[in-house]
Participant: 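This structure is in structure tokens; I'll ask about it shortly.
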Amino acid sequence: MKKVYTCFCTDVIHEGHLNIINEAKKYGEVIVGVLSDEAMIRFNRFPTVTFQERLEMAKNIEGVSRVIVQDEIMYDKVIEEIRPDYVIHGNNWETPPLLSIRNNVASLLAKFGGEIIDVPYTFNENVALIDQKIKEKLSMPEYRRKRLKQLIKLRGIVKTLEVHSGLTGLIAEKTVVEHDGEFDQFDAMWISSLCDSTAKGKPDIELVDMTSRFRTISDVTEVTTKPIIFDGDTGGKTEHLVYTVRTLERMGVSAIIIEDKVGLKKNSLFGTDVEQTQDTIEHFCKKISTAKKVQLTDDFMIIARIESLILEKGMEDALERARAFVKAGADGIMIHSRKKNPAEILEFCDKFRAEDQTTPIVVVPSSFNTVTEAELAQHGVNIVIYANQLTRSAFPAMEATAKDILRYHRAKEVDDRLMPIKKIISLIDEL
Ligand code: SPV
Ligand code: MG
């Protein structure tokens with residue numbers, strides 16, 4: 001009997017999937033591959049049901065003879081393993097970005113004369129509603145909040161992009177690329193104090209108050225599903241921080257990062273060019289432990305940010321602080337540097353990992369931007385934050401457009417570099 005293979009990347013079996021199975025049956029024995037959690041997160045969205053449940057769902061479909069695990073988006077391994085006569089898929093893979101998967105399958109099948117069967121993709125109100133319900137579930141605070149911890153376990157490194165509005169949230173949520181045969185997308189979002197302040201035309205000195213920062217979070221949560229890491233600056237007064245933690249948990253935020261500085265906070269990238277005062281170990285530990293005590297869920301993380309390298313206090317000071325902050329209850333350590341070279345960051349990571357193999361490490365490679373995610377992961381980093389690149393790319397683009405309109409007394413000259421209105425509208429979901 002001929003073998004027909006199809007891969008499922010779904011939390012819900014709907015009529016579209018059943019249609020594929022019914023078509024597949026006409027050609028032979030039907031084998032379904034279920035995409036692993038890791039591959040699904042990279043390619044599509046975070047699963048709302050467990051991998052085991054997805055396997056069971058596929059097994060229970062009438063006419064499916066065998067279910068296997070597909071742990072990569074590309075089909076090389078499964079095709080090698082089962083050598084199917086046919087691979088069947090909805091014809092939505094005839095256009096990018098899915099087209100690269102179809103091309104991958106076509107070239108693999110060509111080696112032994114296998115064939116692709118494209119079936120018309122089922123898209124109707126019912127299917128759209130199912131899709132919308134999954135997104136709604138993912139955006140709920142109780143689901144969103146715990147996802148950062150889940151991602152740290154599932155992802156080699158959690159890729160986090162700065163967002164400061166609904167629109168930038170949508171970019172972090174929806175941008176998927178296919179590059180060199182691999183799909184990728186951001187895992188999480190960073191509500192940067194620098195960019196949240198900059199978007200409001202204000203300096204990054206804890207001037208934009210928490211009520212306003214919460215409003216930014218709310219704008220982002222309205223239109224996204226990915227987990228959020230909040231830049232809590234110094235955390236403010238401990239008596240205030242406890243309220244902030246409660247509010248963030250309630251909003252479905254996954255983590256707050258607080259830095260060990262006191263007094264008027266300035267942006268770390270100024271380093272020692274401006275006056276900045278580091279907190280004492282004792283005082284900051286008390287802040288951490290008090291904040292940990294008020295936390296209500298197990299999902300939320302309080303991450304301690306160490307400014308010793310920024311303030312040129314040395315590696316030993318950074319490590320001593322890391323030990324103390326973890327002991328005080330910190331769920332993670334963020335180590336920062338403004339050097340162009342990642343050497344001191346990597347040295348810290350190696351030394352910290354030699355003593356502590358489990359506490360998550362967070363880094364923000366704004367200055368040391370030559371380092372790759374793979375290198376960071378090799379040195380034990382769990383979360384990488386691209387903290388300000390969206391803002392820094394948007395600002396010069398907007399400024400150049402404003403200048404050209406003034407220069408030419410009309411908008412014609414800038415038109416070529418503008419996104420068509422239709423396209424920007426298509427980014428926004430309608431109910
Ligand atoms: C931010 O994005 O606001 C940060 C990171 O705190 S940095 O600007 O590098 O200090
Ligand atoms: Mg900040």
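Start at 1 and go down the list; that is how both ligands and their atoms are numbered.
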Participant: Report, in ascending order of atom number, the atoms of ligand 1 lying under 4.0 Å from any heavy atom of Leu269.
Facilitator: 8 (O), 9 (O)

Participant: List the closest protein heavy-atom neighbour of atom 2 (O) of ligand 1: residue, atom name, distance to the nearest 0.1 Å.
Facilitator: Ser192 OG, 2.8 Å

Participant: Counting heavy atoms only, which part of Glu259 comes closer than 4.0 Å to ligand 1: side chain, backbone, both or neither?
Facilitator: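 No part of Glu259 comes within reach of ligand 1.
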
Participant: Looking only at side-chain N and O atoms, does Thr244 offer a donor or acceptor that is under 3.5 Å from a partner on Thr247?
Facilitator: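 Per modelled atom types, Thr247 and Thr244 side chains form no pair under 3.5 Å.
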
Participant: For ligand 1, which atoms have a heavy atom of Ala387 less than 4.0 angstrom away?
Facilitator: 2 (O)

Participant: Per the side-chain contact (heavy atoms from CB on, under 4.5 Å) rule, which among Glu162, Lys200, Arg392 passes with Cys195?
Facilitator: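 Per the side-chain contact (heavy atoms from CB on, under 4.5 Å) rule, the option paired with Cys195 is Glu162, out of Glu162, Lys200, Arg392.
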
Participant: Any side-chain donor-acceptor pair under 3.5 Å between Asn124 and Glu15?
Facilitator: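 There is such a pair (donor and acceptor under 3.5 Å, judged by atom type) between the side chains of Asn124 and Glu15.
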
Participant: Do Asn388 and ligand 1 have an N or O pair less than 3.5 Å apart?
Facilitator: no

Participant: Examine the proximity of ligand 1 to Met334 and report which part, side chain or backbone, both or neither, has a heavy atom under 4.0 Å away.
Facilitator: neither

Participant: Inspect the contact between Asp298 and Arg145 and indicate whether a charged nitrogen and a carboxylate oxygen are less than 4.0 angstrom apart.
Facilitator: no

Participant: Quick test of your reading of the structure: of Val364, Asp231, Asp233, Leu194, whose heavy atom lies closest to atom 4 (C) of ligand 1?
Facilitator: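 Ranked by closest heavy atom to atom 4 (C) of ligand 1, first place is Asp231.
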
Participant: Please list, in number order, the atoms of ligand 1 under 4.0 Å from a heavy atom of His336.
Facilitator: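 Here the atoms of ligand 1 in question are 7 (S), 9 (O), 10 (O).
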
Participant: Looking only at heavy atoms of Glu162, does any of them come nearer than 4.0 Å to an atom of ligand 1?
Facilitator: no

Participant: Please determine if the Mg ion (ligand 2) has an N/O/S atom from Asn267 lying under 2.8 Å away.
Facilitator: no

Participant: Whether Asp184 and Arg42 form a salt bridge (side-chain N of Lys/Arg under 4.0 Å from carboxylate O of Asp/Glu) is what I want to check.
Facilitator: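 Yes.
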
Participant: At a 4.0 Å threshold, what atoms of ligand 1 neighbour a non-hydrogen atom of Ser268?
Facilitator: 10 (O)

Participant: Quick one: look at Asn267 and ligand 1, take heavy-atom pairs under 4.0 Å, and tell me if it's side chain, backbone, both or neither.
Facilitator: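 It is the side chain that gets close, since no backbone atom is under 4.0 Å.
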
Participant: Using only N, O or S atoms, tell me which atom of Asp231 is closest to the Mg ion (ligand 2).
Facilitator: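 Closest to the Mg ion (ligand 2) among those atoms: OD2.
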
Participant: So among Val362, Ile306, Val363, which one has a side-chain contact (heavy atoms from CB on, under 4.5 Å) with Ile333?
Facilitator: Ile306

Participant: Please determine whether a side-chain nitrogen of the Lys or Arg among Arg305 and Glu307 lies less than 4.0 Å from a carboxylate oxygen of the Asp or Glu.
Facilitator: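 Yes.
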
Participant: Tell me whether Arg323 is salt-bridged to Glu316, with the criterion being a basic N under 4.0 Å from an acidic carboxylate O.
Facilitator: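 So Arg323 pairs with Glu316 through a salt bridge.
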
Participant: Who's the nearest protein heavy-atom neighbour of atom 6 (O) of ligand 1, and how far?
Facilitator: Arg305 NH1, 2.8 Å

Participant: Is the closest side-chain donor-acceptor distance between Ser36 and Asp71 under 3.5 Å?
Facilitator: no

